[in-house]
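Not measured: the values here are computed from a predicted model.
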Amino acid sequence: MKTLENKVVVITGAGSGIGRALALDCARRGSLLALSDVDEAGLAETADQARAAGAREVRTDRLDVADRDAMTAYAASVADQFGRVNVVVNNAGVALAGDLVDLDWPDIDWIIGINLLGVLHGTKAFLPHLIASGDGHVVNLSSLFGLVSMPGQSIYNATKYAVRGMSEAVRIEMLAAGHRVGVTVVHPGGIKTAIARNARVSSREDQARTASFFDKKLAKTTPEKAAEVIVAGVLADKSRVLVGSDAHALHWFGKLAGARYQDVVARVSKKVLPAKTTVV
């Protein structure tokens, strides 16, 4: 895929953050957009901005990506309306902070449903339409934490590693079958979005303190810069895209240190991560 002009681009989680920035970037390139989110107010704002930025057509839907039947019906409806689908960006995602021993099952089910099953639903539902287009691309959002693991992020890590593994396998399947469908898995570092402020936490985590730590210490890259890097990676048909200097640095640290990176992270985390509350 050499251009996004006149391409039908589907983006989940488009109501804010990277999803909104991607929608506006694609709009300026002359794409036709199918945008979804559970945040209808944020989605409406994105749609208005996308139209102002030059999108040829904008469709919006409230969509829970964890709902398999809803995603299946959505994919068929989008393909029917536009006549084709060229790009699917499975961007919707949430965060959950806390050591595994402290996490509750409903929160674990919640993050798996969105971060892993949501990406799986979007990929599987749209893949036949991408193949039929003759010029398709899947973009799945993993994370820096899909490359290295961090304490307090066990289930988030699990979902993002799984997204990476599934995406890489689908890319190989497309190549082996001779389908003209690229697959790019994206690994952002700290991006200035509301994901930490909207995250769930265990009973031993202070949500406000955790969000403040992410926003002040970790979120270094703007959503606009992330969108620029992601789109460039798609147009270059890259299989893996790292976003942010932190993503590049920690990725290489993990590769060079091997499994011993875990020992280093354990020592450093004691000094820099917010203290946990005591459960009485």
For Y161 and S142: C-alpha separation, side-chain torsions, deciding distance, then whether side-chain contact (heavy atoms from CB on, under 4.5 Å) applies.
CA-CA 7 Å; Y161 271 88; S142 177; over 6 Å; no
Not counting sequence neighbours, which residues clear side chain to side chain donor-acceptor pair (under 3.5 Å) with D37? List them please.
none
Could you pull out all residues at least two apart from N6 that satisfy side chain to side chain donor-acceptor pair (under 3.5 Å)?
R56
Residue pair V78, F126: steps toward the side-chain contact (heavy atoms from CB on, under 4.5 Å) verdict
CA-CA 9 Å; V78 169; F126 278 101; 4.3 Å; yes
Hey, is the main chain of G15 close enough, under 3.5 Å, to the side chain of E45 for a donor-acceptor pair?
no
Scanning both residues in full, the closest heavy-atom pair of A208 with D206 reads N-OD1, 3.1 Å
Is it the case that the side chains of T72 and H121 hold a donor-acceptor pair, with the cut-off being a distance below 3.5 Å and no angle test?
no
Short side-chain to backbone donor-acceptor contact, D107 and R200, under 3.5 Å
no
Counting heavy atoms not belonging to R68, are there more than 12 under 6.0 Å from its CZ?
no
With respect to N90, which candidate in N115, T12, N140 satisfies the side-chain hydrogen bond (donor to acceptor under 3.5 Å, both in side chains) definition?
N140
Is there a path of hydrophobic side-chain contacts, each under 4.5 Å between heavy atoms, that joins V268 and F145?
yes
Rounded to the nearest 0.5 Å, what separates atom OG1 in T222 from atom CD in E228?
8.5 Å
For P106, is there any backbone N or O sitting under 3.5 Å from a side-chain donor or acceptor partner on D104?
no
First locate atom CE of M174, then atom CD1 of I172, and finally report the distance between them rounded to the nearest 0.5 Å.
11.0 Å
Sidechain N-carboxylate O distance under 4.0 Å for K7, D135:
yes
Cut-off 3.5 Å, side chains only: do S239 and R171 have a donor facing an acceptor?
no
Connected via hydrophobic side-chain network under 4.5 Å: M150 and I112
yes
I111 CD1 to L96 CG distance, which is reported to the nearest 0.5 Å
5.0 Å
Taking side chain as C-beta onward, heavy atoms only, is H251 less than 4.5 Å from H187?
no
Looking at side-chain heavy atoms only, is the closest gap between V265 and P151 below 4.5 Å?
yes
d(N91 CG, L141 CG) to nearest 0.5 Å is 4.5 Å
Would you list the pairs meeting salt bridge (charged side-chain N to carboxylate O under 4.0 Å, His left out) in which at least one residue belongs to residues 234-262, sequence neighbours left out?
E168-R240
Measure the shortest side-chain to side-chain distance between L22 and V231 over non-hydrogen atoms and say whether it is less than 4.5 angstrom.
yes
Any T123 side-chain heavy atom under 4.5 Å of M166 side chain:
yes
Note: A23 and T46 closest approach over all heavy atoms is CB-CG2, 3.8 Å
Under 4.0 Å between a Lys/Arg side-chain N and an Asp/Glu carboxylate O for D263 and R267?
no
Hey, any chance I108 and V101 share a hydrophobic cluster, counting ILVMFWY side chains that come within less than 4.5 Å of each other, even indirectly?
no
Going only through I, L, V, M, F, W and Y residues with side-chain contacts under 4.5 Å, is there a path from V241 to V234?
yes
Where Q153 and A97 come nearest, the two heavy atoms and their spacing:
NE2-CB, 4.0 Å
Reported CD1-to-CD distance for the pair I18 and E224, which is rounded to 0.5 angstrom:
10.0 Å
I'd like to know if the side chain of D61 and the backbone of L63 have a donor-acceptor N/O pair within less than 3.5 Å.
no
Within this structure, what is the CG-NE2 distance for the pair L175 and H179, rounded to the nearest 0.5 Å?
10.5 Å
Looking only at non-hydrogen atoms, find the nearest pair between L4 and S31 and report the distance.
O-OG, 2.8 Å
Closest heavy-atom pair and its distance - C26, L33
CB-CD2, 3.8 Å
For E40 and R62, indicate whether the former's side chain and the latter's backbone hold a donor-acceptor pair under 3.5 Å.
no
Quick check against the 3.5 Å criterion: does R20 have a side-chain atom that pairs as donor or acceptor with the backbone of L43?
no
Less than 4.5 Å apart, any side-chain heavy atom of V138 and any of L130?
yes
Under 3.5 Å: donor-acceptor pair, side chain of S202, backbone of L103
no
Evaluate the side-chain contact (heavy atoms from CB on, under 4.5 Å) criterion for residues I191 and V243: first the C-alpha distance (whole Å), next the side-chain angles of each, then the deciding distance (0.1 Å), finally the verdict.
CA-CA 9 Å; I191 310 297; V243 181; 4.0 Å; yes
In short, N86 meets M1 closest at the heavy-atom pair O-CE, 3.8 Å
Do the side chains of V139 and I230 get nearer than 4.5 Å, heavy atoms only?
yes
Report yes or no: do L24 and L35 belong to one cluster of Ile/Leu/Val/Met/Phe/Trp/Tyr joined by side chain heavy-atom distances under 4.5 Å?
no
Hydrogens and angles aside, do S16 and D39 bring a side-chain donor and acceptor to less than 3.5 Å of each other?
no
Working note: V87 + V10, criterion side-chain contact (heavy atoms from CB on, under 4.5 Å); need CA distance, chi angles, decisive distance, verdict.
CA-CA 6 Å; V87 181; V10 178; over 6 Å; no
Are the side chains of Y261 and L256 in contact, using a 4.5 Å heavy-atom criterion?
no
Less than 3.5 Å apart, any donor N or O on the side chain of R59 or S77 sitting next to an acceptor on the other?
yes
Can you check whether H248 reaches S245 side chain to side chain, under 4.5 Å on heavy atoms?
no
